[in-house]
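Each chain gets a letter, A, B and so on, in the order the sequences are listed, and its residues count up from 1. Values below: all heavy atoms of this structure, side chains included; hydrogens, waters and symmetry mates excluded.
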Amino acid sequence: MSTAAPLLAKDFKSDLKPIWCPGCGDFGVVAGLYRALAAIGRPPHEIAFVSGIGCSSRIPGYTTAYGFNTVHGRALPIAQGIKLARPELLVLCAGGDGDGFSIGGGHVPHAVRRNIDFTYIVMDNQVYGLTKGQLSPTSPKGLKTVTSVFGSIESPINPLLQVLSYGAGFVAQATPADMSGMTAILEEAIRYPGFAYVNVQSPCVTYGEDENDLKAHKTKMKSLSKMGHDPADYLKALELATHYGVELYTGVFYRNPNPPPTYDQQITERHAALAAGAPKRERVLDMFAQKP
Amino acid sequence: MSTAAPLLAKDFKSDLKPIWCPGCGDFGVVAGLYRALAAIGRPPHEIAFVSGIGCSSRIPGYTTAYGFNTVHGRALPIAQGIKLARPELLVLCAGGDGDGFSIGGGHVPHAVRRNIDFTYIVMDNQVYGLTKGQLSPTSPKGLKTVTSVFGSIESPINPLLQVLSYGAGFVAQATPADMSGMTAILEEAIRYPGFAYVNVQSPCVTYGEDENDLKAHKTKMKSLSKMGHDPADYLKALELATHYGVELYTGVFYRNPNPPPTYDQQITERHAALAAGAPKRERVLDMFAQKP
Amino acid sequence: MARDVVIGMAGSGGDGIVSAGESLISAAAAVGYHAMMSKSFGPQIRGGESSCRVRVSTHQVHGPGDALDLAVALNWDDFLKFGTELACGPASVVVYDSNTGIAPADIPLKGARPAQVFALPLTELTVAAAGTDKAKNSLILGLLSGWLGIGRDALLAGMRKRLGKKGPELLAANQRAFDAGHTCAMENPLIRGMLLEEPNVKPGSMMLADGNDMTGAGAVFAGVEFFGGYPITPSTEIMQFLGREIWKYGGVVLQAEDEIAGVGAAIGASFAGKKSMTATSGPGMALKTEMLGLATIAEIPLVLVNVQRGGPSTGLPTKTEQSDLFQACFSAHGDVMRPVLAPTSVGDCFRVTIEAFNIAEKYQTPVIVLSDQDIGHRKETIAPIDTSLFKVEQRLAPTEAQLENYARFAQTEDGISPMSKPGTPGGAYLCAGIEHNESGAPAANGAVHARMNDKRFRKFNSLVGRKDLFEVVGNPDAPLALIAWGSLAGVCREAQALAVEEGLHVKLFVPTLLYPINEDAYGEFLASVQAGLVVEQSHQGQLYRILRMQVDVPRGLKSLARDGANPIHSRDIVARLRELSANLHAPSSTTAQGISA
Amino acid sequence: MARDVVIGMAGSGGDGIVSAGESLISAAAAVGYHAMMSKSFGPQIRGGESSCRVRVSTHQVHGPGDALDLAVALNWDDFLKFGTELACGPASVVVYDSNTGIAPADIPLKGARPAQVFALPLTELTVAAAGTDKAKNSLILGLLSGWLGIGRDALLAGMRKRLGKKGPELLAANQRAFDAGHTCAMENPLIRGMLLEEPNVKPGSMMLADGNDMTGAGAVFAGVEFFGGYPITPSTEIMQFLGREIWKYGGVVLQAEDEIAGVGAAIGASFAGKKSMTATSGPGMALKTEMLGLATIAEIPLVLVNVQRGGPSTGLPTKTEQSDLFQACFSAHGDVMRPVLAPTSVGDCFRVTIEAFNIAEKYQTPVIVLSDQDIGHRKETIAPIDTSLFKVEQRLAPTEAQLENYARFAQTEDGISPMSKPGTPGGAYLCAGIEHNESGAPAANGAVHARMNDKRFRKFNSLVGRKDLFEVVGNPDAPLALIAWGSLAGVCREAQALAVEEGLHVKLFVPTLLYPINEDAYGEFLASVQAGLVVEQSHQGQLYRILRMQVDVPRGLKSLARDGANPIHSRDIVARLRELSANLHAPSSTTAQGISA
Ligand SMILES: Cc1ncc(C[n+]2csc(CCOP(=O)(O)OP(=O)(O)O)c2C)c(N)n1
Ligand SMILES: Cc1ncc(C[n+]2csc(CCOP(=O)(O)OP(=O)(O)O)c2C)c(N)n1
Ligand code: SF4
Ligand code: SF4
Ligand SMILES: [Mg+2]
Ligand SMILES: [Mg+2]
């Protein structure tokens, strides 16, 4: 389905000027995504890119794909509807830690278990950026913010462990401080045939980590592949994921070596099986006939 | 706070006649709960019992506690509000697999990470009972129901693994087929100082397993303690939990050997620390005075 | 001979009273009668009390009827639990099981004394004939067959379908019970003849369905390709129907994790270019409202069916009410206009659902269909429908030229902008819930906002004026008026006919489009009105209030509203009309909301 | 000498234009002026354009004022992005940085030519005085000090607070910039004197706050013990305020995972016996409606504040609108009546929040407070409030005798039943969203439903009749009327005063209780009305529609509604009133919704 001329990163960049703060990690994420999409080679108009609400959720507007900047926390259901309706499209979904794991947290297990073939990218900055610095579900315990002036008294969630426990076939983590690593992970995630999750550590330089911390990612991060982790080892992936918030692992935690059929594939099979027996839509009332 | 005369199971039984189907597993659950509460010894009026909507969610009405039969999927937030407002109450929360892990699934990780001291009991029957037999999030793949006449094409969620991945301090499973085992687990869960989760395999004899299957639980179940499982071993608990839907383990998967302070305790400490500096409520406007 | 008989029966869960009703209506339909059947249950899932109400007639029936002609009580406890749902009157014939030990003079019916009371040994006769008391419902069918004259063959056909799988012995036993019932009927003649006149419809030409199935069928006809929803009584059967049918047409039904996800997936599918739908009831609708706002501002076609039940909150989950009209029209933040339609009968669900899809696609808007538990769950016979009369609309796509420099939300004269779908080269745009300019770029400023709000309201101008979305029954100049919607429209249709029969000058207005309000249509209808009633099944009378918002309502037009699960009988309405008529002046000072000073 | 000056300033994020405004209003307040300040920003979180509008006056101000008296543009791009929010008129004085290179004759203002235009070397002067261009805002403060006559000391006090931490050098540099600005003002006198008259309030007696903080303060005063919510612009500051304050009083603020959980926790806490609250804006309110229905049927006290922003959907998240009134009144399935209140100024947020708690507790009901972004975010001076005049109500608890045989939902004459709280022996009951009888047992049948609906509506009878929940300004017999609510009420107060000044016979109605409607109060007010306007910031004019639902509205009363983020000026309203006045007849045919035929 890809077009003849090779696509370049800039083909995926839209005319809208990002209104992110200077230095925001999300600039890196969108840049990496342009490259990953160019490598994949599907033209922008065959891509549907869905997000919720948040600074990070502005990302679809900065691409040339069909973008859908929906409402807070609901990107996943909408992305699923798109993919189920049009399995031939390349579907991407993205948003923030709050969008995905606070208000939207109830949709994640179900998006995962359905195993619909699309990629979900969370720009995890451990804070609510757009609404100006409140606690997010990944904020560390004790953090003082405008909504926790005496320090937070709740433990953060662990997005990696959660998504693994939901049974996702592809789970990875990246940071825009490592642009080539992140780009490679995004590409691999998009190519994975099934639901794929990428947690991107994308700092909020205004309310969270400052710009230097972002640069420090490069020194703090530990590459899972260099550590010798076998991404086919699910139990090990669970164990490594428990270190979220302590260690900055990058790379693939888990990739199902035998990807099961996706929901969209199963639908297509069902359609093939049932199409034959169908009356015309115009004759739908026939079933109600009451013969003596 | 308990009253002088020892409490009996029947002191917790209300006058409302359960409208569950004859043979429904939930009869066993409420009976076990009466016993566990009698053992604990808090009088019924010091208990607040919250549920959502579903057959299982009718349970508070069959007890003499302050019951709150709320709306579908929202028992957990309401239970948390009660406990935070009145930490001295014994708070229980209960409902079905659909109530808890479908529509209510977004509240679970947050109830867990806050570690508020109450017990959540899910009567997991792998089906929607009250609405007459649709798929539930724990229904096995392939199941045919009124909403999946050609068979379900999505994998079930794993409630045990989920709640463990959320960081719950107490996670157990029980079946009313083993009344004394279940009663002991419920009692232990209620006594655990922090958020406690009990998954009860409570069959729906009308739309799910039939009554004989319930009896068969007794032969199929494998006691974790008899298997030698150490409930302090979190990683092992994760591994065992991955067998949900295949094996019927009963007992405690995980009990945090060093329960961290609960949210309600931390609140109480904060109150003590801040009360001294407070002006009277009547003087709240003083802070806005604009002195030259 | 009778033309119209209303039968009500109640027993406990195991008595099979509802399947007796099902057999009766199937048989009646098959031989050419018009019929309607509604069921009612206690709160239990299994066991507990259950009842049904079947009306059989030689002419089209529009409502469940008033007091019962024939009441069958397998036991009084269960029967009485249904209260006014199984109201008896002075003309009723009552049959009950003599094993209740209650003397005919002591039956615990409040109010009017029935015309005739039979204490029959129903259980005893069944055991004697069938060797088991499990065949009581077949005995009752036999009784009804005898009294109503609906043939043995037709009735046994249904029974065979139901019991065939359970083996020939059981079937034979039930047939014996049936015959015993028939004999019993012959031995116990009614003082009011209920033997039905011959039907005047060709046998085998009638359809039989309930409202939820007809809604599903309408959706299939209109081309639904995606359904996302979450089970909730009394709407679930729509999802279940489509779950059986939609796959055959390449469509998808998603049972989502909750109502928000259900409507969200439907919005996604519609954005992707497919005709999409969701269905729910009040509580689910409450959860969907944020998403509906998104569909409004992002101009995404969507059909939402709300099969209303009693509220507020969990309320009365299995009982009918018309109290979600405010919610349908106004549950949105910001300025929102979205069409609300209501079917008035089972058959009408088909038409209204098709209409809803057409409006959704044409105007790129969410459309709400307000069905109700009564219509959704009751079965009705439906005369053949000429489906070739229904148009199916498609949404407006951009032309090649428009794609040159595509502006998704382009200002057009009628406010409707061509909508591209993913996959179309040149058609990519940012779809968003935030205010945006014509090209879709976020632009949260006052000037853009005013312009886009105007567009989003203006586009409905041509819808509001449609004359085919309401019906006036009776003499358009009549001074007395009824206005009714949804399941109450049928009751009012019968009330209007009865009232005219007794000489009252009454007309009836039935809107399919409840909102936005067609001011001209109401204005014309109300011009001659001096008094009347807006008849609704709710506490507040919500349509009455909404009419006042938009239309100059004559002061003589009042609200007749009754809380859900309390039936409104056509005869009660006629009685009210009679009073209004008696107080009528000369038809001079018909008036309005206000007069310019 | 001037009594009232409106200043508007715009620049880009780093220019500190908003903190200049903050210093100005603090200084003005401290020395005894009345003042109001609103801020406005572009969509960026950091950087981007920002602006503020400060009004300083010797008398109480009720609105942000009309066209600017003094406009300060650090650059034209940013200034113009605010459009009508910073409208200039023929009397405006405009100051801008001459480094923009634009000649005074060419400034890009649309419409009226300003009275005086200064192109001043603002950046150059700042650099010369302070050695950095980062002190431009101090230079501007100096300019304003010179022109308005607000003292150096007062202005420098604010600056010191702001910059003190950054070291003495920076502070000194900014003081030099201030002085340079002051000198510059002296060298460039205004053709329209803006030197303020002496304030007539004792220095140091004024409070200064924004609406969200005053809402939080009202809640603390009323005894709030639990807040559950989720951040959303423009309401978040209420949660943030309580997050600082509530703990001191043994209360709890829970930042929940979403809006449903936030209101759910608050309902739980209220069930447990604590005064509870949540706050949100339109999208969050949409999510909370199912829970509100639960609070209605389960009769649980709850205060919900909706600080309105532009809709639908994400809409205009940072701009004001009054378009959530339909949502507040009607977003519920089933028949629901819940009080809706609106504050009309920053100070009024205190009163209305206390009132909301009192009503919630007394009537055991959710109460909605409709604030708006304008009031929520703007700062105002507030004259001292005598808090001893406010009563604080507690919910009705059962007596010992009532606990003997406790019925939570007992029928009482006024419909209010004593509510027990967990921990009370004998007080245990089942609280439920399903319809229930007096004792709380589920009872989903028509008779119980009708009775309980009646109770739930009847209990508001005494609320609806309260005369202290609306205000009539002006001659009660005037033939011209304004009706306004929320932030528009202040604008209309000024319009009414202006109109009366020029001889128009205008009165104003300001309801605190928007719903349910006090029919008598409106009826009395409207009796003499021949023409008028219901002034609202929305597309549809929602209060106007709701009034028509319930009240006989004279035909001459029209809706004046403008979409959000488009200011309505008091002078425009006066112009409309002038027209209406010109068309007035003799005060004969004042009329109504309908006249009995
Ligand atoms: C229903 C609803 N609730 C709340 C909001 C306000 N809101 C917008 S974005 C956001 C959180 C943003 O945090 P996150 O998702 O982590 O994204 P970030 O800005 O950090 O990238 C919130 C609370 C909203 N728009 N809608
Ligand atoms: C908002 C809302 N959506 C849907 C429903 C309908 N509903 C009631 S209970 C239920 C599911 C019941 O399943 P489960 O929670 O597993 O409980 P069970 O009956 O099996 O014990 C549903 C879908 C509702 N009452 N409210
Ligand atoms: S507020 Fe934070 S997350 Fe948002 S754009 Fe700025 S730096 Fe990025
Ligand atoms: S339907 Fe199932 S879950 Fe519900 S009461 Fe009956 S057996 Fe129990
Ligand atoms: Mg974030
Ligand atoms: Mg279940």
Side-chain angles (χ1 to χ4, degrees), chain C residues 43 83-84 282-283 285-287 289-290 293-294 296-297 310-317 319 323-324 326-327 330-336 433-435 442 444-447 449-450 453 530 538-540 545 548-549 553-556 563-566 585 589-597, chain D residues 43 83-84 282-283 285-287 289-290 293-294 296-297 310-316 319 323-324 326-327 330-336 433-435 442 444-447 449-450 453 530-531 538-540 545 548-549 553-556 563-566 585 589-597:
Chain C
T84 52
M285 170 73 189
L287 291 168
T289 55
E290 192 200 7
L294 174 64
T296 289
I297 197 169
S313 195
T314 303
L316 295 86
K319 306 284 175 189
S323 56
D324 294 356
F326 280 168
Q327 183 192 45
F330 304 122
S331 69
H333 60 281
D335 285 293
V336 162
I434 200 163
E435 188 59 283
N445 78 60
H449 183 45
N453 262 343
Q530 294 173 49
S538 66
H539 184 82
Q540 294 175 92
R545 291 290 156 195
R548 285 186 50 127
M549 267 180 147
V553 166
R555 199 167 260 188
D563 306 77
N566 292 291
H585 297 204
S589 51
T590 65
T591 43
Q593 168 95 22
I595 292 173
S596 53
Chain D
T84 51
M285 170 73 189
L287 291 169
T289 55
E290 193 200 5
L294 174 64
T296 290
I297 197 170
S313 195
T314 303
L316 295 87
K319 306 285 175 188
S323 56
D324 294 355
F326 280 168
Q327 184 192 45
F330 304 121
S331 70
H333 60 281
D335 284 293
V336 163
I434 201 164
E435 188 60 282
N445 77 59
H449 183 45
N453 261 344
Q530 295 174 48
S538 66
H539 185 82
Q540 295 174 94
R545 291 290 157 194
R548 285 186 50 128
M549 267 180 146
V553 166
R555 200 166 258 190
D563 307 77
N566 292 291
H585 296 203
S589 50
T590 65
T591 43
Q593 169 96 21
I595 293 174
S596 53

Inset, instruction - Name all residues meeting the side-chain hydrogen bond (donor to acceptor under 3.5 Å, both in side chains) criterion together with Ser313(D); count only those two or more places apart in sequence or in a different chain, and write none if there are none. - result: none
Legend entry - Closest-packed option against chain C by number of heavy-atom pairs under 4.5 Å, given Gly282(D), Gly446(D), Pro312(D): Pro312(D)
Inset, instruction - Check whether any side-chain N or O of Asp324(C) sits under 3.5 Å from a backbone N or O of His333(D) as a donor-acceptor pair, and report yes or no. - result: no
Inset, instruction - Pick whichever of Ala450(D), Gly315(D), Gly564(D) has the most heavy-atom pairs under 4.5 Å with chain C. - result: Gly315(D)
Legend entry - Contacting moiety of Asn453(D), where chain C heavy atoms sit under 4.5 Å: both
Legend entry - For chain D, the option from Glu435(C), His449(C), Lys319(C) that forms the most heavy-atom pairs under 4.5 Å: His449(C)
Inset, instruction - Indicate the atoms forming the closest heavy-atom contact of Asp335(C) with His539(D), along with that distance. - result: OD2-N, 2.7 Å
Inset, instruction - With sequence neighbours left out, write down each residue that passes side-chain hydrogen bond (donor to acceptor under 3.5 Å, both in side chains) with Thr314(D), or none if nothing qualifies. - result: none
Legend entry - Best-contacting candidate, Ala286(D), Ala565(D), Gly311(D), Gly433(D), against chain C by heavy atom pairs under 4.5 angstrom: Gly433(D)
Legend entry - Asn566(C) CG to Asn445(D) CG distance, which is reported to the nearest 0.5 Å: 8.0 Å
Legend entry - Residue, of Thr289(D), Ile297(D), Val336(D), that accumulates the most heavy atom pairs under 4.5 Å with chain C: Ile297(D)
Legend entry - Contact class of Pro283(D) relative to chain C, heavy atoms under 4.5 angstrom: both
Legend entry - Pick from Ala447(C), Ala444(C), Gly293(C) with the largest number of heavy-atom pairs that fall under 4.5 Å of chain D: Ala444(C)
Inset, instruction - Please look at Ser538(C) and chain D and tell me whether the side chain, the backbone, both or neither of the residue comes under 4.5 angstrom of a heavy atom of that chain. - result: both
Legend entry - Among Gly310(D), Pro442(D), Pro43(D), Ala332(D), residue most engaged with chain C (heavy-atom pairs, under 4.5 Å): Ala332(D)
Inset, instruction - Kindly compute the distance separating CD (Gln540(D)) from CZ (Phe330(C)), expressed to the nearest 0.5 Å. - result: 8.0 Å
Inset, instruction - Find the distance between CD (Glu290(D)) and CG (Leu287(C)) and round it off to the nearest 0.5 Å. - result: 4.5 Å
